[in-house]
Amino acid sequence: MPAPKRATSVSTFSYECTNNQGVKVKGEITAPNLTLAKADLRRQGLNPVKVKKRTSSLFTKRKKKITAAEICYFSRQMATMMSAGVPLVQSFDIVAKGLDNESMRDLVLSVKADVEAGRSFSEALKQHPLYFDQLFCNLVGAGEASGSLEIMLDRIATYKEKTETLKKKIKKALFYPTAVLVVAIIVTAILLIFVVPQFEQLFKGFGADLPAFTKMVIGLSAIVQKWWWIILGLIITSVWVLSYAKKKYPGVQNTIDKMVLKIPVIGGILHKAAIARFARTLSTTFAAGVPLVEALESVAGATGNIIYANAVLRIKDEVSTGSQMQLSMRNTGIFPNMVIQMVAIGEESGSLDSMLAKIASIYEEEVDAAVDGLSSLLEPLIMAILGVLVGGLVIAMYLPIFKMGSVI
């Protein structure tokens, strides 16, 4: 078995050249090595005088990260270039020149270098799994095999745009509860550390017994003042340990994902989002000519929730043994009856991909409406939570004053 080929990396070279008129030209070029950099310059009609690799220093500006939106833009631009009849390698150059992010430009040129070295487009993409997942590479491979790469790139771009839009909606839905919790903790901590001690000094001159509620708040304030750094450390450590355990241990992730789906309102949005992702991904892969069993394996990782991922893998196992997909979906017990019925109609009519696309559109719209509704619901909820916390602390501090006034 041959050893796997290593991914081609690119470097940036600064050059001094003369053109056909003998005029000196300076600039920068990216290439896998010095020889290919000089060869690329000669292809452009330039005669290299001095070409050297650009070195980085401590003061060099750090490169920006590559975002999912930029990968989506790359897919869309490549589809446009190829649809216009531009050759694949030349399309890479045109797209790369239009990119502002240097990291993304280097990635595109690295893929181009791999293609020029003899790899297929899908193989070149597989050298960069951090940016191009298995689903992306499989779809590009299907497009190459069928001779419709530009159509497939357009479908990938559309799929990426819709999934990124859905992710943004989910992040928006989860942001509000998190914001409420963080704001509540910060406000409470400020009151306990800075405000309550001022009242405590005032109460020492009363010479009377304080109400139980006030004593409890003062005691809590003393604990927070003395041990705030330990409390903060415990919170940070707990968050880190939880996130690490979720990535490292499937059982922990399974428990967390199951609990999240049971959260009121939020759980319903995540259920709909997982179904939308399942339907959109399966529709795109199945329409691309990927066999159903192979498509389901790719879909499992795209659902965004391990409960749905495991359910899709069970569906794949049952479908591979000859079971109908709609029966396998019913056996999992997590897909709504409407989704199962629409899949059944798609299977019977031979239009499963279009039916799945309709399911995805329906659930994407439902997620959008649910997120908007959640935003409207949480605005008064934020005020209520902060009101209870702040109001409770204020009442605790003023109870002794009210008690002294009643005695007088």
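Numbering starts at 1 and runs along the sequence shown. Values reported hereafter were calculated over all heavy atoms of this structure, with side chains retained and with hydrogens, waters and symmetry mates removed.
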Examine the side chains of Ser83 and Glu150 and answer whether a donor and an acceptor come within less than 3.5 Å of each other. no

Return the orientation label for the Trp227 and Trp229 ring planes: parallel under 30°, perpendicular over 60°, tilted otherwise. tilted

Arg119 (side chain) donor-acceptor with Ala113 (main chain) under 3.5 angstrom: no

Aromatic ring proximity Phe121/Phe92, centre distance under 6.0 Å: yes

For Asp257 and Ile306, indicate whether the former's side chain and the latter's backbone hold a donor-acceptor pair under 3.5 Å. yes

Among pairs that include at least one residue of residues 353-397, which meet ring pair (Phe, Tyr, Trp, His ring centres under 6.0 Å), considering only residues two or more places apart or in two chains? none

Without swapping roles, check the side chain of Asn101 against the backbone of Lys65 for a donor-acceptor pair under 3.5 Å. yes

Only residue of Leu153, Ile156, Thr158 satisfying side chain to side chain contact (heavy atoms under 4.5 Å, CB included) with Arg76 is Thr158

Summary of ring pair (Phe, Tyr, Trp, His ring centres under 6.0 Å) pairs that have at least one residue in residues 150-174, sequence neighbours excluded: none

Verdict with reasoning, Tyr131 to Phe136, per ring pair (Phe, Tyr, Trp, His ring centres under 6.0 Å): CA-CA 9 Å; Tyr131 308 110; Phe136 194 113; over 10 Å; no

Heavy-atom donor-acceptor pair, Ser120 side chain to Glu123 backbone, under 3.5 Å: yes

Can you tell if the side chain of Asn47 reaches within under 4.5 Å of the side chain of Cys17, non-hydrogen atoms only? no

Of Val217, Leu220, Val388, the one forming a side chain to side chain contact (heavy atoms under 4.5 Å, CB included) with Leu393 is Val217

Pair Thr285-Ser298, side-chain donor/acceptor within less than 3.5 Å: no

Below 4.5 Å, heavy atoms only, C-beta onward: do Leu270 and Val260 meet side chain to side chain? yes

Do the side chain of Glu164 and the main chain of Ala69 share a donor and acceptor less than 3.5 angstrom apart? no

Between Lys272 and the options Glu364, Glu365, Glu366, the salt bridge (Lys or Arg N to Asp or Glu O under 4.0 Å) test singles out Glu366

Has Ser221 got a side-chain atom pairing as donor or acceptor with Leu192's backbone, closer than 3.5 angstrom? yes

Main-chain N/O of Ile151 paired with Ser148 side-chain donor or acceptor, under 3.5 Å: no

Checking the side chain of Glu348 only, and the main-chain atoms of Ile345 only, is there a donor and an acceptor separated by less than 3.5 Å? no

Pairs where residues 314-350 contributes a residue and the test ring pair (Phe, Tyr, Trp, His ring centres under 6.0 Å) is met, not counting sequence neighbours: Phe278-Phe335, Tyr308-Phe335

Under 6.0 Å from the CD atom of Gln134, do we count more than 12 heavy atoms belonging to anything else shown? no

Distance-only, no hydrogens or angles: does the Ser283 side chain make a donor-acceptor pair with backbone N or O of Asp353 under 3.5 Å? yes

Please give me the minimum heavy-atom distance between Pro48 and Lys38, naming the atom from each residue. CG-O, 4.1 Å

Would a distance-only check, ignoring hydrogens and angles, find a side-chain to backbone donor-acceptor pair under 3.5 Å from Gln90 to Pro87? no

Side-chain contact test, heavy atoms from C-beta onward, threshold under 4.5 Å: evaluate it for Gln198 versus Met397 and give yes or no. no

Between the CH2 atom in Trp228 and the CD1 atom in Ile193, the distance rounded to the nearest 0.5 Å is 7.5 Å

